[in-house]
Amino acid sequence: MELCIMTFNIRHGKGMDGKVDLRRIAAVIGQSGADIIGLNEVDRYFSRRSHYEDQIGWLARELRMHHAFSPSVSWKAKQPGVIRQYGNGLLSRYPIAARQHHALRAALGMGEGRSVLEAIVSVHGQPLAVYVTHFSLNPLLHRKQTDFLIERLHRQSVPFLVMGDWNMRPGSRPWQRMAREADDIWKKVGTGSGDTYPSLRPRRRLDYIFVSRQLHAAGAQVVTIMPTASDHLPLKAVLRLG
């Protein structure tokens, strides 16, 4: 059985033309054919910049998918019971059987708001662990955040995939640490640079998908369906599940 997965930093829906348009994001996801999608820079009632929209909820309804959310930043809103949030999201055609939110600021005692979304997706009854994150540009914070994620992976008993905006270069020391734990799909089956940023003239590879060695990668590509939709291009891959 083949499974299509994708990682996409949507910049709260803000395109290269400066306009916030979730319909473009939904169109890219829908046309990609992806079954499981990790999203970075997702707003949830966050501010005027995204019209106080619950973006992950809107995308899930539009695409008729299951969803989960992991806030990296949370602020109280003026309206009772409303929390303004910004973080990582997950969309899935398959049921999400379990989900956990890990606030890295609290877990690491550091000041920058980052998070890891951890979920179990039931793919025709087969559990698949999915991690979505967006790591810091700060080298010290990046190392500590990677430590936390690797510790979670060591606890995992089912096949897993990790995706997101890593803010690192392929072959760098942080990349080497992750590559000891899991396979970088692009290195295994991708062709070309795999650059995803900036979207109109990509020169950097910031977005990655790592998979546990029980999973077989059948192909990978940078998605160029609508490069103006965000400042990142999505990266998608096909897995073969036994």
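All residue numbers refer to positions in the sequence shown, counting from 1.
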- With distance as the sole test, does R99 use its side chain to make a donor-acceptor pair with the main-chain N or O of H67 at under 3.5 Å? yes

- Message: Are V132 and Y208 connected into the same hydrophobic cluster when the rule is that any two of I, L, V, M, F, W, Y join if their side-chain heavy atoms are below 4.5 Å apart?
- Response: no

- Query: Are the aromatic ring centres of F148 and H102 under 6.0 angstrom apart?
  - Reply: yes

- Query: Would V121 and F8 show up in the same hydrophobic cluster when neighbours are defined by side-chain heavy atoms closer than 4.5 Å?
  - Reply: no

- Query: Say you draw a straight line from CG of L206 to CG of L235; how long is it, rounded to the nearest 0.5 Å?
  - Reply: 11.5 Å

- Query: Do V238 and L161 share a hydrophobic cluster (ILVMFWY, side-chain heavy atoms under 4.5 Å, transitive)?
  - Reply: no

- Message: Using the rule that Ile, Leu, Val, Met, Phe, Trp and Tyr join whenever any side-chain heavy atoms are under 4.5 Å apart, tell me whether M178 and W186 fall into a single cluster.
- Response: no

- Query: Can a salt bridge be assigned to the pair R177 and E181 using a cut-off of 4.0 Å between side-chain N and carboxylate O?
  - Reply: no

- Task: Would you check if the distance from the ring center of W75 to the ring center of Y86 is below 6.0 Å?
- Result: no

- Message: If we ignore hydrogens and angles and just use 3.5 Å, is the side chain of T146 paired with the main-chain N or O of H142 as donor and acceptor?
- Response: yes

- Message: So if I apply the side chain to side chain contact (heavy atoms under 4.5 Å, CB included) rule between S199 and each of M226, M16, R11, which one comes out positive?
- Response: M16

- Item | Residue pairs passing the side-chain hydrogen bond (donor to acceptor under 3.5 Å, both in side chains) test where at least one lies in residues 15-26, sequence neighbours excluded | D17-R24

- Item | Cluster link I120 to F69, ILVMFWY, side chain under 4.5 Å | no

- Note on the structure: Given the options R84, R48, R49, D43 meets salt bridge (charged side-chain N to carboxylate O under 4.0 Å, His left out) only with R49

- Ignoring hydrogens and geometry, is there a side-chain-to-backbone donor-acceptor pair from S115 to S70 under 3.5 Å? yes

- SB check R205 D195 (cutoff 4.0 Å): no

- Message: Can you confirm whether R64 is buried at CZ, in the sense that more than 12 heavy atoms of other residues, nucleotides or ligands lie under 6.0 Å from that atom?
- Response: no

- Message: Is it the case that the side chains of D207 and W166 hold a donor-acceptor pair, with the cut-off being a distance below 3.5 Å and no angle test?
- Response: no

- Check: F135 main-chain N/O paired with N167 side-chain donor or acceptor under 3.5 Å: yes

- Do the two ring centres, one from Y52 and one from Y45, sit under 6.0 Å apart? no

- Verdict with supporting geometry, L117 and Y131, side-chain contact (heavy atoms from CB on, under 4.5 Å): CA-CA 5 Å; L117 171 58; Y131 298 83; over 6 Å; no

- Item | D165-N9 side chain donor-acceptor pair, cut-off 3.5 Å | yes

- CG/L39 to CD1/I25 distance, rounded to the nearest 0.5 angstrom? 8.5 Å

- Which of I96, L91, T7, L128 passes side chain to side chain contact (heavy atoms under 4.5 Å, CB included) with I36? It is L128

- Under 4.0 Å between a Lys/Arg side-chain N and an Asp/Glu carboxylate O for R152 and E118? yes

- Just by distance, do the side chain of D183 and the backbone of F210 share a donor-acceptor pair under 3.5 Å? no

